[in-house]
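Below is one structure, written out as structure tokens; the observations come after it.
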Amino acid sequence: MQTDWNALPDEDFRHVFRTWVDENCPRHLRFMRKQRPVFDEVAEWYHALAAKGWLSPVWPREHGGMGLSAAKHIIYVEEWARLGCPRIPDHGIGLVGPLLIRYGTQEQKDHYLPKILSGEHVWCQGYSEPNSGSDLASLKTAAVRDGDHFVVNGQKIWTTLAHCANWIFALVRTSRDEKVRQKGITVLLIDLTSPGVTVRPIPNLREEADFCEVFFDNVRVPAANVVGVVDEGWNLAKAVLGHERIFLGAPSRPEYALSRLIMLAEARGAFDDPAFRSRYARLRLDLYDLCSAFDRFAKVLRTGGELGGDVSVLKLFCTELYQRITEEMLEIAGEEARFADDLDANGSEVDAMNLYLDARAPAIFGGSNEIQRNILAKAVLGLPG
Amino acid sequence: MPKTMFDDEDGTLAMLRDSVGGFAEAHPGAKALRARRKAGGDLDRGLWSAMAEAGWLGLMLPANLGGADLSIREQAVLSEALGRALLTEPVAQLAIFSGALLRDAPAGEERDRLLRGIADGSLLVTAAWQGAGGKAAPVKASGAHPALTLTGTCHFVAAPVSATDVLVLAEGDRGRLLVSVPAGAGGLSVTTRPTLDGAVLGAVAFAGTPVESGRVIAAGAEVDGLLASAIEVTRLALAAELAGVASRALEITVDYTKQRVQFGKPIASFQAIQHRLVDMWGDAEFACCAVVNAVERTLGAGGRDGRLATLAAKARAGDAAVGITRRAIHLHGAMGFTDECDIGLYMKRAVNLNATLGQPEELRLAFVDLERSA
């Protein structure tokens, strides 16, 4: 008998979830430096969650998910962050699952969903291309019909964790409409072990591999792997994130960074410096107010409403605040800001440089902050042009 | 456009917003501000009576004294609406601050008389408690009750000319006192200075001003508590008013940039303008969220939790309102620099309210001190 988690009062659910996670998430995986560990590094945690039935918070229960409401999902994500659990490769859980549950055929659901939960399929997301970043609808990776297959040629890039994935859900071009560029794009599920696929990791600023290039050279993909309707994949791809958009602006990253800044500042006596105190106060209050703003949108979800385009104000504010906090860490590190390794704070290690580098990415991914501003200008303020 | 979002099951909040909207149509805020400024006045008596009649001056005062017995939630929504409508009469000082000082003071004939007068608009009760630096600075109280006299000067006194009664913070031989003095009391003199938003503030000097029998409202340690909670509730109301100013100034600017055509296009179609407007909108949205958070924490856990949230809200809303109106002026081009264009009045009002009861930097530092003292 599966539990109806939504029937529990919020605080009871929080307690049950936190208690089990704290007991079962391995200590050595807590608060990892790496934002995106590969599958093998976190496999034991992945399988433990799957065995408990807690791997997939929002999938409906009949598909092996917890069926959490948005409000409960927020608690799940909050506790996860508070306990410092590592991010698991979650493109299957977060994107492919919901996509198939909403738009997939029965065969697709039956085939793919269990393999996501078991960890047999590890997914990555093939959207960006070398010349199609912010302007995603200009994408060119071509899928040409050949009998009951498509033949795929082209290249994806910035594909997070492709080097540990064995499947990719890709946006490919199946036709071209000069007037509406969003037409002619199709969602295709591609086995990365197929002949003609090459995956090449790209070391990032932190000298870690977490994103990759993926090349397709005459890769044959069964036509049955199309999700939804051929040429109509754009809206599908856009609709896949519902209330989850709130998490792009969740305060957990800046919260963590500020806690490290405080450790560093206390160890170095920076709180006695009025200039630091003033700068710190601004960062502290920005974080405090980000939490208030996050609550305002969470409340919409708690009361059964749907998020509007305005939710991306959280992403803008959150990612820029994260950057500023890490910049302040370097400021008080003084001469030591030249070192690549961690800083000592009264015997504890503070990964200031790691965070400083990490903070560059979120202002770009998930739609660069400039693109977000363009969208807000139209969607919220109704500005012309 | 951003506004504070509260549960409003019985529709009270919507009604309050509507009532301010209707009021502002009959008495446009910008027009009243200009008229008051031209006359060198500190308050528009007609408007004040109309506000009393609307029930706005005693929103949080006890019902048995003519108030509406509502909470800071309703007050925040009212203040936000006043900010939007640019209704700039000194409600925060004369109704909210003085009202809060008296409401929580021990019941007594004088206290009740003043509260009734605040709620029905018949009395203009101002508070004299700040020194030249803005901090609490009691005047000297000599002698013993009932032969008490006051000596010293208070600054930043609102409606110093129109006031009928002055609540004075004093320090006597046996500690703090909160006393009330009629505006025409002997030895009381007023010097006024114009404010940026077209009113005046006064320095009120007491030279042996007698305190009549029965006019001591509170004494001892209690006075500091009254003052602290009056400051807190007024800060929160000011934050809401600032959020309203910010939000309305943004709206006006969005409309203007949509209409203003250059290079054959509305300037709002240019990305450089759009990104500025989006950032202004984000600031206003955050200001509203901060106000809601402060109201909910004040009504919820209260205490330290409410104090932190209020400090944050006033700082956020002040920065937002000043920053938004300043950018709004810029986006109006040369028009924004004219006295004729209302957007400048919003900026002046924002600067004024932001400077009232603590600038953002001071509030942020107070937040950090309070949080880290735990």
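In what follows, chains are A, B, ... by sequence order, proteins preceding strands, each numbered from 1.
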ask   = Can you tell me how far CG of Leu308(B) sits from CZ of Arg284(A), rounded to the nearest 0.5 angstrom?
value = 8.0 Å
ask   = Going from CH2 on Trp281(B) to CZ on Arg373(A), what distance comes out if it is rounded to the nearest 0.5 angstrom?
value = 11.0 Å
Toward chain B, the part of Gln372(A) with a non-hydrogen atom under 4.5 Å = neither
ask   = Rounded to the nearest 0.5 Å, what separation is found between the CG atom of Leu381(A) and the CE atom of Met280(B)?
value = 9.5 Å
Proximal to chain B - members of residues 248-256 of chain A, heavy-atom separation under 4.5 Å = none
request  = Find the one option among Leu365(B), Val278(B), Val292(B) whose heavy-atom pairs under 4.5 Å with chain A are most numerous.
outcome  = Val278(B)
message = At a 4.5 Å cut-off on heavy atoms, which part of Glu320(A) comes close to chain B: side chain, backbone, both, or neither?
response = neither
message = Surrounding NZ of Lys3(B) (heavy atoms of other residues, nucleotides or ligands, distance under 6.0 Å), is the total greater than 12?
response = no
remark   = CG (Asp283(B)) and CZ (Phe317(A)) are apart, to the nearest 0.5 Å, by 7.5 Å
ask   = Any chance CG of Asp255(B) has more than 12 other-residue heavy atoms, nucleotides or ligands included, within less than 6.0 Å?
value = yes
message = If you count heavy-atom pairs within less than 4.5 Å of chain A, which of Ala294(B), Ala309(B), Ala313(B), Pro266(B) leads?
response = Ala309(B)
key: Carboxylate-amine/guanidinium proximity below 4.0 Å for Arg296(A) and Glu296(B)   = no
message = Does either side chain, that of Asn374(A) or that of Gln274(B), offer a donor lying less than 3.5 Å from an acceptor on the other one?
response = no
key: For the student: nearest non-hydrogen atoms of Val313(A) and Gly282(B), plus distance   = CG2-CA, 3.7 Å
request  = With a 4.5 angstrom heavy-atom cut-off, could you sort out which part of Ala312(B) is near chain A: side chain, backbone, both or neither?
outcome  = both
inquiry  = A quick test of your reading: do over 12 heavy atoms of other residues, nucleotides or ligands sit less than 6.0 Å from CZ of Phe337(B)?
reply    = no
inquiry  = Other residues, nucleotides and ligands only: do more than 12 of their heavy atoms fall within 6.0 Å of CD on Glu349(A)?
reply    = no
query = Given side chains that start at C-beta, do those of Asp369(B) and Arg277(A) come closer than 4.5 Å, heavy atoms only?
reply = yes
request  = Measure distances from Asp7(B) to the heavy atoms of chain A and classify the residue's part below 4.5 Å as side chain, backbone, both or neither.
outcome  = both
query = For Arg327(B), does the CZ atom have more than 12 heavy-atom neighbours from other residues, nucleotides or ligands under 6.0 Å away?
reply = yes
note = One option among Lys265(B), Gln271(B), Glu251(B), Arg316(B) has the most heavy-atom pairs under 4.5 Å with chain A, and it is Arg316(B)
task = Flag the pair Leu285(A) / Glu371(B) as yes when at least one side-chain heavy-atom distance between them is below 4.5 Å, and no otherwise.
result = no
ask   = So which part of Tyr280(A) gets closer than 4.5 Å to some heavy atom of chain B, the side chain, the backbone, both or neither?
value = side chain
request  = Specify the closest pair of heavy atoms between Lys258(B) and Gly382(A), including all atoms of both residues, with the distance to one decimal.
outcome  = CE-O, 3.1 Å
query = Could you give the distance from OG1 (Thr257(B)) to CG (Leu383(A)), rounded to the nearest 0.5 Å?
reply = 6.0 Å
key: Portion of Ile262(A) that has a non-hydrogen atom of chain B nearer than 4.5 angstrom   = side chain
query = Which of the residues Ala287(B), Pro360(B), Cys289(B) is involved in the greatest number of heavy-atom pairs with chain A at under 4.5 angstrom?
reply = Cys289(B)
inquiry  = Counting heavy-atom pairs closer than 4.5 Å to chain B, which one of Pro384(A), Gly385(A), Cys291(A) comes out on top?
reply    = Pro384(A)
ask   = How long is the span from the CG atom in Leu376(A) to the CD atom in Glu285(B), to the nearest 0.5 Å?
value = 10.0 Å
